[in-house]
Amino acid sequence: QLQASGGGLVQAGGSLRLSCVHSGATAFDPYAIGWFRQAPGKEREGVSCISGSDGATYYVDSVKGRFTISSDNAENTVYLQLNSLKPEDTAVYYCAAQVPPRPSLGSSWYSFEWDYWGQGTQVTVSS
């Protein structure tokens, strides 16, 4: 089970922190948590992910240097810090889990490789 939260309306250049609380399969097996987003009229795209075992992090080029993913294993929560937000970052953001992580973690972002999905949280960036 995954629960995403933290979205909202922010001006360009602003920041938000998204949270993804995970439970169930991630409590017992190796896992990875990823963040995806889907803008209106566009396909869902990967944003960032983190390995639950070694903390390795991955980002797509469009968010490198602006977004930071982190994990609090004691709280079973993965965070996505969004800085220097741009209007093109506007989307519904989803968190997802791979149990176990795939060898392709961080190199491919196909939705079918992710086993569990949370509900989305809306991020709107005004210009």
Side-chain angles (χ1 to χ4, degrees):
Q1 185 174 1
L2 299 127
Q3 183 77 27
S5 62
L9 172 64
V10 64
Q11 290 187 331
S15 299
L16 284 172
R17 190 177 77 159
L18 307 183
S19 299
C20 176
V21 179
H22 56 90
S23 62
T26 60
F28 303 104
D29 295 300
Y31 66 91
I33 300 294
W35 285 96
F36 289 73
R37 65 186 181 185
Q38 187 166 19
K42 295 187 177 181
E43 294 186 355
R44 187 175 300 183
E45 63 175 357
V47 175
S48 180
C49 61
I50 186 168
S51 168
S53 56
D54 62 10
T57 59
Y58 306 90
Y59 302 90
V60 296
D61 288 344
S62 60
V63 307
K64 281 181 181 177
R66 300 189 299 122
F67 292 5
T68 303
I69 193 169
S70 62
S71 178
D72 183 338
N73 291 339
E75 296 295 328
N76 295 325
T77 302
V78 170
Y79 301 100
L80 186 67
Q81 179 68 39
L82 286 60
N83 295 332
S84 302
L85 282 162
K86 305 175 182 179
E88 51 263 43
D89 294 317
T90 295
V92 178
Y93 283 70
Y94 299 88
C95 61
Q98 283 186 356
V99 183
R102 307 298 193 273
S104 60
L105 185 69
S107 61
S108 70
W109 300 91
Y110 297 113
S111 294
F112 65 79
E113 294 180 318
W114 295 81
D115 305 298
Y116 305 96
W117 290 84
Q119 90 296 351
T121 185
Q122 176 71 48
V123 171
T124 303
V125 184
S126 63
S127 57

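Heavy atoms only: backbone and side chains are in, while hydrogens, waters and symmetry mates are out.
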- Message: Please tell me whether Val63 and Val92 are part of a single hydrophobic cluster in this structure, the criterion being side-chain heavy atoms less than 4.5 Å apart.
- Response: yes
- Query: So with a 6.0 Å cut-off around CD of Gln1, is the heavy-atom count from everything else above 12?
  - Reply: no
- Looking only at heavy atoms, what is the nearest atom pair of Ile33 and Ala97, with distance? CD1-CB, 3.8 Å
- Query: Between Trp109 and Gly106, which heavy-atom pair has the shortest distance, and what is it?
  - Reply: NE1-O, 3.9 Å
- Query: Could you give the distance from CZ (Phe67) to CZ (Arg37), rounded to the nearest 0.5 Å?
  - Reply: 5.5 Å
- Message: If we ignore hydrogens and angles and just use 3.5 Å, is the side chain of Thr57 paired with the main-chain N or O of Ile50 as donor and acceptor?
- Response: no
- State plainly whether one hydrophobic cluster holds both Val47 and Tyr79, where clusters connect Ile, Leu, Val, Met, Phe, Trp and Tyr through side-chain heavy atoms under 4.5 angstrom apart. no
- Query: Taking the six-membered ring where the residue is Trp, are the ring centres of Trp114 and Phe36 under 6.0 Å apart?
  - Reply: yes
- Would you give the length of the straight line joining atom OG of Ser111 to atom OH of Tyr94, rounded to the nearest 0.5 angstrom? 10.0 Å
- Message: Tyr31 vs Asp115, test: side chain to side chain contact (heavy atoms under 4.5 Å, CB included). Steps then yes/no.
- Response: CA-CA 10 Å; Tyr31 66 91; Asp115 305 298; over 6 Å; no
- Item | Approximate separation, where rounding is to 0.5 Å, of Arg66 CZ and Ser48 OG | 12.0 Å
- Spatial distance of atom CD (Gln98) from atom SG (Cys49) [nearest 0.5 Å]: 7.0 Å
- Determine yes or no for a side-chain-to-main-chain donor-acceptor pair under 3.5 angstrom, with Tyr59 supplying the side chain and Ile69 the backbone. yes
- Item | Asp89 CG to Thr124 OG1 distance, which is reported to the nearest 0.5 Å | 11.0 Å
- Query: Going through the checks in order, is the side chain to side chain contact (heavy atoms under 4.5 Å, CB included) test met by Arg102 and Tyr110?
  - Reply: CA-CA 11 Å; Arg102 307 298 193 273; Tyr110 297 113; over 6 Å; no
- Task: Please check if the side chain of Asp29 supplies one atom and the backbone of Val99 the other of a donor-acceptor pair under 3.5 Å.
- Result: no
Please output the side-chain donor-acceptor pairs of residues 3-22 that fall under 3.5 Å, not counting sequence neighbours, one pair per line with the distance.
from, atom 1, to, atom 2, distance (Å)
Ser15, OG, Asn83, OD1, 2.9
His22, ND1, Thr26, OG1, 2.8
His22, NE2, Asn76, O, 3.4

